[in-house]
Amino acid sequence: MSEAEERRQKLDRLVSEGRSPYRNRFPGPEQVAPLLERYASFESGEKSKENHRVAGRVMIRREHGKATFLVLRDPGARIQLYGNINELGEERYGEFKHLDIGDIIGAEGPVFRTRRGELSILVKDFIPLAKGLHPLPEKWHGLTDVEVRYRQRYLDLIANDEVHQAFYIRSRVLTAIRRFMDARGFIEVETPVMQTIPGGATARSFETHHNALDMNLYMRIALELHLKRLLVGGFDRVYEIGRIFRNEGISTRHNPEFTMLESQQAYADYNDVMEMTEQLVAYVAREVLGTLEISWKDEQVDLTPPWPRLTLRELIKEHSGVDFREYPERAAMKARVGETGITVEPGWSWGKIVDELLSTFVEPKLIQPTFIIDFPRELSPLARPKDEDSMLVERFEGFIGGMEIANCFSELTNPIEQRRRFEEQAALREAGDEEAGLVDEDFLTALEYGMPPSGGSGLGIDRLCMILTDSPSIRDVILFPLLKPEKQQ
RNA sequence: GCGCCCGUAGCUCAACUGGCAGAGCAGGGGACUCUUAAUCCCAAGGUUAGAGGUUCGAUUCCUCUCGGGCGUACCA
């Protein structure tokens, strides 16, 4: 008989005896972590006067004849339960020692420290709350099969405390971001996920269909254009933490759906946004981790602001030897870049080639926080040109750990120029570039009413969480990453 | 999409050059009233991801399929 079958039999037996192990409630359990703290100074043999109620999952059982130790796990900590025949009586003790690993129970009794120094609860009473019908992963090695970890994340969370911790940190990161943005006078908004024109980024989108309206819709690829409409409407500082969907490859840094923080701040420019971005990341790290010095793979990363600001041109020149200002024509650029070993595909524009230089030669080097500033206009259809150099726009990207974390710019507010840029994009799309954008007439109309100058920001929350939890894969910070379904039979 | 690697008991892993599929943990029975990877004794647990092929014989070699990981491409 398999273990699952044996557990099922135990359940049937309990139910037939009128002692169902599924209970509706267990009021007022205390968190274990504060309990451990409160009695940390107890000596061996010392026992609390009052009883404490705890609840959680049985992780380990050690049976010693007429006494049994269980290890109980709640969301924040583990505590040992000590039950013996003197305290519980013969019948109840029998039930206690036959609890299974994986069962969820509530228990009550004084806290004491054992002879071997373990803070424990002397169980006076206990109650099964839910039966575990499946065996848990092994207590020592945990669960390592990555496929099972992703498909049955709850098992991963039960078996691997560090996984539990990483997602706890992610939650705290989101809370800290909201606190930071709110303190700076931003308000949080929610904008449509399903859109008629997916805009605000260059990316392939997912399509869906609305039956009643019989129309195709796109899942959003960015938040930006709707936030700007809100600037037109008079909200001067807005942000959204939202899920974005991009129909592209999956890798250790890419999941088809991911979370971005985007914001718009009226009367600010990209210099203000740079300051905000480094302050935000530093604030979050201090709030959540208590430090600005973090480990990333084999390196130490110092998040302390201000972060270096280097132009795209000088960084590419330094790391690849190519000064893109010397090759304003695509043909010359292609020839020069070909010498570096990059294969320039026929469809690549001048801007795309520059972008390739960035990702191949520069990006992997930027382990310490770094802002790259001043991007070519061609790569940035929504950004405002620099006053002194119309080839470039007021845009920066923030890098940490060799990953792009942030992409921000002074927004283009001129509707005439914006229309021209959209039309450039539409032409690229006509030519077969599925990532290029479309002309968003509705957005242009909004701009024509007048949008204040603004500094816009996009921050990749998943990647920030990777950095803050030292996770090598984006799947380590996404609870339920996309997987192919298992084939039936 | 392409390339490389992986899939053995519920979990973690063995199995030499192709020769009877094993162990620890978990689970079952037993001993043990302060253990903590508890310990000790006994018994049980398998369509080796799936399908086909080569062979006297396949976990092992070959082909295909499914799923996963990593790299690469696209991208953030």
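Order of the sequence lines fixes the chain letters, A, B, ..., with proteins taken first and strands second; residue numbering starts at 1 for each chain. Here the structure is a predicted model, which means the values were calculated and not measured.
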Quiz item: Within this structure, what is the NE2-to-C1' distance between H98(A) and G27(B), rounded to whole angstrom?
Solution: 12 Å

Exercise. Produce a footprint string for nucleotides 34-49 of chain B: one letter per nucleotide, 5' end first; B if the base is under 4.0 Å from any protein heavy atom, S if only the sugar-phosphate is, - if neither.
Key: BBBBB-----------

Quiz item: With distance as the sole criterion, is a donor-acceptor pair present between the side chains of R309(A) and N271(A) under 3.5 Å?
Solution: no

Practice problem: Would you kindly say whether R113(A) and S44(A) are connected by a side-chain donor-acceptor distance under 3.5 Å? | Solution: no

Quiz item: Mind checking who U47(B) pairs with, Watson-Crick or G-U wobble, both distances under 3.5 Å?
Solution: none

Quiz item: Under a 4.0 Å heavy-atom cut-off, which of residues 356-383 of chain A touch RNA chain B?
Solution: E356(A)

Self-check item: Side-chain N or O of T252(A) closer than 4.0 Å to phosphate OP1/OP2 of G71(B)
Solution: yes

Self-check item: Partner residues of Y39(A) under the ring pair (Phe, Tyr, Trp, His ring centres under 6.0 Å) criterion, sequence neighbours left out
Solution: F42(A), H52(A)

Quiz item: Does the side chain of T340(A) reach to within under 4.5 Å of the side chain of F361(A), using non-hydrogen atoms?
Solution: yes

Quiz item: Under a 4.0 Å N-O cut-off, is there an ion pair linking K10(A) with E17(A)?
Solution: no

Quiz prompt | Donor-acceptor pair between E435(A) and T202(A) side chains, under 3.5 angstrom | solution = no

Quiz item: What residues form a ring pair (Phe, Tyr, Trp, His ring centres under 6.0 Å) with W296(A), not counting sequence neighbours?
Solution: none

Quiz prompt | Per R151(A) side chain, nearest of listed nucleotides A26(B), C70(B), G67(B) | solution = G67(B)

Quiz item: With both distances kept under 3.5 Å, what pairs with C11(B), Watson-Crick or G-U wobble?
Solution: G24(B)

Quiz item: Now, which nucleotide makes the Watson-Crick or G-U wobble pair with U54(B), with each of the two distances under 3.5 Å?
Solution: none

Quiz prompt | Along RNA chain B (nearest heavy atom to each residue), the more 5'-positioned of L482(A) and S2(A) | solution = S2(A)

Practice problem: Once you apply the 3.5 Å cut-off to both distances, tell me the Watson-Crick or G-U wobble partner of A37(B), or none. | Solution: none

Quiz item: Who does C32(B) pair with, Watson-Crick or G-U, both distances under 3.5 Å?
Solution: none

Exercise. Tell me, please, which residues at least two apart from F409(A) pass ring pair (Phe, Tyr, Trp, His ring centres under 6.0 Å).
Key: none

Quiz item: Do Y270(A) and D374(A) have a side chain donor and acceptor closer than 3.5 Å?
Solution: yes

Quiz item: Can a side chain N or O of K10(A) be found less than 4.0 Å away from OP1 or OP2 on G28(B)?
Solution: yes

Quiz item: Between U33(B) atom P and F96(A) atom CZ, what is the distance in whole Å?
Solution: 16 Å

Exercise. Taking atom types as modelled, find out whether Q265(A) and S454(A) have a side-chain donor-acceptor pair closer than 3.5 angstrom.
Key: no

Quiz prompt | Over 12 foreign heavy atoms within 6.0 Å of CZ, R73(A) | solution = yes

Quiz item: I474(A) or V148(A): which one's nearest nucleotide on RNA chain B is closer to the 5' end?
Solution: V148(A)

Quiz item: Heavy atom of residues 394-409 of chain A under 4.0 Å from RNA chain B: which residues?
Solution: E404(A)

